[in-house]
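Have a look at the structure below before the remarks.
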Amino acid sequence: AAFKLSQLEQSRDFTRVALLILAVGLLQVSSEVVDSCGGLGTAGEQAAGLKDGLFMEGVGKLAHAETSAAILGAQGREKDVIRDTAPSIVPLLPLRERFSELSGVRVFDSDKRVQPVSVWKKRLADAKSKVPTFFPERQWTGRGIVMSAGRRMYFTSVYVTIRNLRDRLNCTLPIEVFYGGEQELPAAAIAHMEQEHNVKFVDLTQIPALRGVSFAGYQVKAFSIYFSSFEEVLWLDSDNIALENPAQLFETPAFVGSTAVFWPDFCNMISLRRETFDLFSQTAPHRHPQPREGSRTVWPMECFEGVSTELETGQVLVNKRKAFPALFLLMFLNMNHQYFLKTLFHGDKMTFHYAWLAAQLPYHLVSHPPFSVGLAVKQQQQQQHVDGALTFCGNTMGQRHPEDGRLFFLHRTSAKYKDAASYFDSAQPLRAWTHVARQPPRASWNLIYRGELPDGVFVGKDPSVHNECVTVSDPDAKIRTVKKVVTDTETDCLHYLATLRNLPFYPGHRVCNEQNMFFCRNA
């Protein structure tokens with residue numbers, strides 16, 4: 001530790017040995033095992049005098065890897081050996097000295113009308129020519145979880161998701177939450193989360209490289225991933241609930257052996273238009289879904305063989321060192337969001353796929369198709385499914401572990417935690433997860449009707465306005481009741497909502513006052 005930083009940077013092996021020596025010293029004074037997220041136990045932190053510091057996370061990872069003592073998950077899963085694949089921990093440059101490479105990204109917000117594909121093809125070629133040939137050292141370090149939040153709805157979801165990570169799953173990975181300035185979150189809410197749940201909030205308006213760029217929209221995902229301090233990132237949408245400690249995903253062969261891990265959506269690229277193939281110099285498949293005139297998406301979804309699967313980016317794993325050229329082009333696509341996110345694609349999802357394609361980098365696509373999680377009810381005049389469930393109403397996408405396909409993430413794509421107060425209007429909060437539906441890959445999900453929870457759950461009421469409901473069209477489809485871990489997770493999430501509604505800065509009882517006025521006015 002006494003050697004100069006320049007000397008340490010010259011020898012990666014020596015840095016590793018030096019940090020390991022320091023780790024051994026710290027572990028000798030610690031009575032706790034290095035936990036599954038790569039941080040030191042509480043006793044080790046106190047003895048070393050380190051709190052959320054640079055070396056706490058890095059030394060924890062290194063000692064963790066060397067001792068091969070990792071407990072994966074919070075459900076008593078057996079111990080596995082974790083490889084020493086964590087990125088090196090280095091001091092970061094000051095913010096004003098980072099992200100200078102983005103000066104080469106041009107933003108074309110001055111376009112008065114949508115430019116033809118030929119114009120954007122030249123612009124894309126120009127962006128590709130400006131991809132740096134070097135990796136910006138001391139710009140990112142370590143690994144962690146990245147999210148975004150703003151206003152009452154997304155803060156409510158972020159609060160529940162973080163409480164699930166910290167309290168239920170015992171995850172101590174550092175978490176950074178990005179937001180769009182003081183008009184999106186009150187200082188009291190930020191202070192509470194940082195002090196009580198060990199989370200860092202990052203104001204996008206204070207990042208010099210984003211001056212003059214709008215981040216009000218889906219593009220905030222790419223911006224948050226890029227500007228986070230981590231070299232290895234797990235992005236989670238604010239409404240995405242993990243069933244196990246997600247730290248283990250960084251050690252899966254899928255991630256270790258690739259630039260990134262992406263998860264599939266239910267079907268084909270619903271926003272795949274003919275001009276997309278031309279823009280990215282691809283040959284269009286003989287038969288593929290095409291949005292109707294004036295629409296950006298194919299809806300309801302159609303499934304075709306030989307057509308790429310739409311990505312679902314409620315969770316994303318990225319190794320920035322390996323994927324840097326793709327990340328640079330991802331920033332070009334998202335900084336020009338008026339065209340790529342609002343005209344060519346539906347949201348951010350496929351900007352990831354095409355950024356990797358443009359950079360000619362492979363990524364790992366999880367091979368397990370998602371489940372749909374929600375409610376199932378009996379209705380007369382319909383053929384009976386397994387468990388007596390007749391109509392299945394999905395409100396949550398169930399994404400699966402990259403290796404064995406077990407249910408891992410519950411992404412509340414419809415049943416969002418918008419407002420903690422509405423869950424307690426009746427005596428008992430209404431549950432959203434009772435059944436899970438599974439279909440073979442590429443099987444069609446036939447949409448019946450769509451709505452939102454929890455303002456009224458359709459059970460025993462009018463089903464036409466409160467859920468996103470599908471009938472499964474494949475005879476091999478299965479509908480089953482959820483496992484206990486899902487039920488227990490929802491129980492805990494409802495408990496976190498009950499806690500949130502009683503915090504002084506949150507209008508959890510539908511009464512506005514001086515303390516909670518920000519969230520009263522900014523739903």
Side-chain angles (χ1 to χ4, degrees), residues 99-109 111 114-136 139-140 209-210 213 217-227 233 235 257-265 268-285 288 296 306-313 316-365:
F99 312 118
S100 60
E101 72 279 359
L102 292 179
S103 61
V105 176
R106 294 189 61 189
V107 180
F108 299 94
D109 277 348
D111 288 347
V114 176
Q115 296 295 319
V117 170
S118 59
V119 172
W120 280 105
K121 203 168 185 177
K122 292 178 181 178
R123 292 172 175 178
L124 177 61
D126 179 66
K128 291 167 69 174
S129 71
K130 294 178 180 177
V131 174
T133 57
F134 59 89
F135 179 77
Q139 186 156 287
W140 300 298
L210 279 180
V213 178
Y218 291 114
Q219 64 270 24
V220 71
K221 182 178 300 183
F223 296 165
S224 300
I225 291 172
Y226 196 92
F227 293 112
V233 170
W235 164 268
S258 187
T259 63
V261 177
F262 296 116
W263 276 258
D265 209 326
N268 299 144
M269 296 180 182
I270 62 172
S271 54
L272 194 58
R273 298 166 55 168
R274 292 186 182 93
E275 51 261 53
T276 307
F277 296 108
D278 184 18
L279 176 56
F280 290 93
S281 302
Q282 286 187 298
T283 301
H288 67 88
R296 285 184 296 160
V307 180
S308 297
T309 300
E310 183 106 352
L311 301 185
E312 194 279 303
T313 54
V316 172
L317 274 170
V318 176
N319 183 318
K320 291 180 180 178
R321 183 174 293 273
K322 294 180 179 179
F324 180 63
L327 287 173
F328 181 86
L329 294 175
L330 181 71
M331 291 299 289
F332 169 75
L333 300 181
N334 282 269
M335 291 175 82
N336 288 285
H337 56 89
Q338 288 289 346
Y339 178 72
F340 287 103
L341 277 69
K342 296 183 178 180
T343 302
L344 192 66
F345 301 129
H346 178 66
D348 65 273
K349 298 188 295 182
M350 295 315 295
T351 64
F352 286 85
H353 170 79
Y354 280 101
W356 262 252
L357 178 71
Q360 297 183 322
L361 285 179
Y363 61 75
H364 180 92
L365 179 63

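- Residues that satisfy the side-chain contact (heavy atoms from CB on, under 4.5 Å) test with Leu361, not counting sequence neighbours, are Pro325, Ala326, Trp356, Ala359.
- Under a 4.0 Å N-O distance rule, the pair Arg106/Asp126 does not qualify as a salt bridge.
- With sequence neighbours excluded, no residue forms a salt bridge (charged side-chain N to carboxylate O under 4.0 Å, His left out) with Lys122.
- Across all their heavy atoms, Thr259 and Lys322 have their closest contact at CG2-O, 3.7 Å.
- For the side-chain hydrogen bond (donor to acceptor under 3.5 Å, both in side chains) with Thr351, the lone residue among Asn334, Asn336, Thr313 that qualifies is Asn334.
- Lys221 meets the salt bridge (charged side-chain N to carboxylate O under 4.0 Å, His left out) test with Asp237, Asp348; sequence neighbours excluded.
- The two residues Leu327 and Lys320 come nearest to each other via the heavy atoms CD1-CG, 3.4 Å.
- With sequence neighbours left out, the salt bridge (charged side-chain N to carboxylate O under 4.0 Å, His left out) criterion links Lys121 to Asp278.
- The shortest non-hydrogen separation linking Ala355 to Leu333 is N-CD1, 3.9 Å.
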Residues Met335, Gln219; criterion side chain to side chain contact (heavy atoms under 4.5 Å, CB included); working and verdict: CA-CA 7 Å; Met335 291 175 82; Gln219 64 270 24; over 6 Å; no

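- Exactly one of Tyr363, Phe345, Phe280 qualifies for a side chain to side chain contact (heavy atoms under 4.5 Å, CB included) with His353. That residue is Tyr363.
- Phe135 pairs by the ring-ring contact (aromatic ring centres under 6.0 Å, His included) definition with Trp140, Phe324, not counting sequence neighbours.
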Take Lys130 and Val105 through the side chain to side chain contact (heavy atoms under 4.5 Å, CB included) test and state the conclusion after the steps. CA-CA 8 Å; Lys130 294 178 180 177; Val105 176; over 6 Å; no

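- Applying the ring-ring contact (aromatic ring centres under 6.0 Å, His included) criterion to Trp120, with sequence neighbours excluded, gives Phe108, Tyr339, Phe340.
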